[in-house]
Amino acid sequence: MDATTLSITLSAILAVICTPCGLFLGLVPMKADLVTAKQSKASQMVSFIIVFIGLLVAGHDLETWAMVIGLVIGFAVAKIPALHAWALHKWPFFEPKKMAPTPKRVKKARKK
């Protein structure tokens, strides 16, 4: 295998690895106050893995672009409304955190 074949093979592998990572990041709620503790830890771990892989192939433009394209494709697929709703129904892990109901403001009684 020469350098270009190895580079293309590595790019394909990284794109395949990063697509599910993008899917995961797309299914996790975007607002920080809706993210549960488990979701936060998992997304930090996925981000760490992506950065680690990126550092491993630093200086390799084709592999870096393959990673970015894989992440974008996965994220875009996860944001498809029908797929997003199905994933939330199928895997409760991705459901947003339940917000505590805010107490209703009680108006003061008027003095007569």
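It should be emphasised that the depicted structure is a prediction, and the values quoted were computed from it without experimental measurement.
- Using a 4.5 Å cut-off between side-chain heavy atoms of Ile, Leu, Val, Met, Phe, Trp and Tyr, with links allowed through other members, Ile80 and Trp86 fall into the same hydrophobic cluster.
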Which pairs of donor and acceptor atoms, one on a side chain in residues 16-33, lie under 3.5 Å apart (sequence neighbours left out)?
from, atom 1, to, atom 2, distance (Å)
Thr19, OG1, Ala15, O, 2.7

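- Atoms OG1 and CG, from Thr9 and Leu14 in turn, are 11.0 Å apart once rounded to the nearest 0.5 Å.
- Checking side-chain atoms of His84 against main-chain N and O of Ala78 turns up a donor-acceptor pair under 3.5 Å.
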Review item, side-chain donor-acceptor pairs of residues 45-54, under 3.5 Å, at least two apart:
from, atom 1, to, atom 2, distance (Å)
Ser47, OG, Ser43, O, 2.9

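- Every residue two or more places apart in sequence or in another chain was checked for a side-chain contact (heavy atoms from CB on, under 4.5 Å) with Lys41, and none qualifies.
- Trp65 meets the ring pair (Phe, Tyr, Trp, His ring centres under 6.0 Å) test with no other residue; sequence neighbours excluded.
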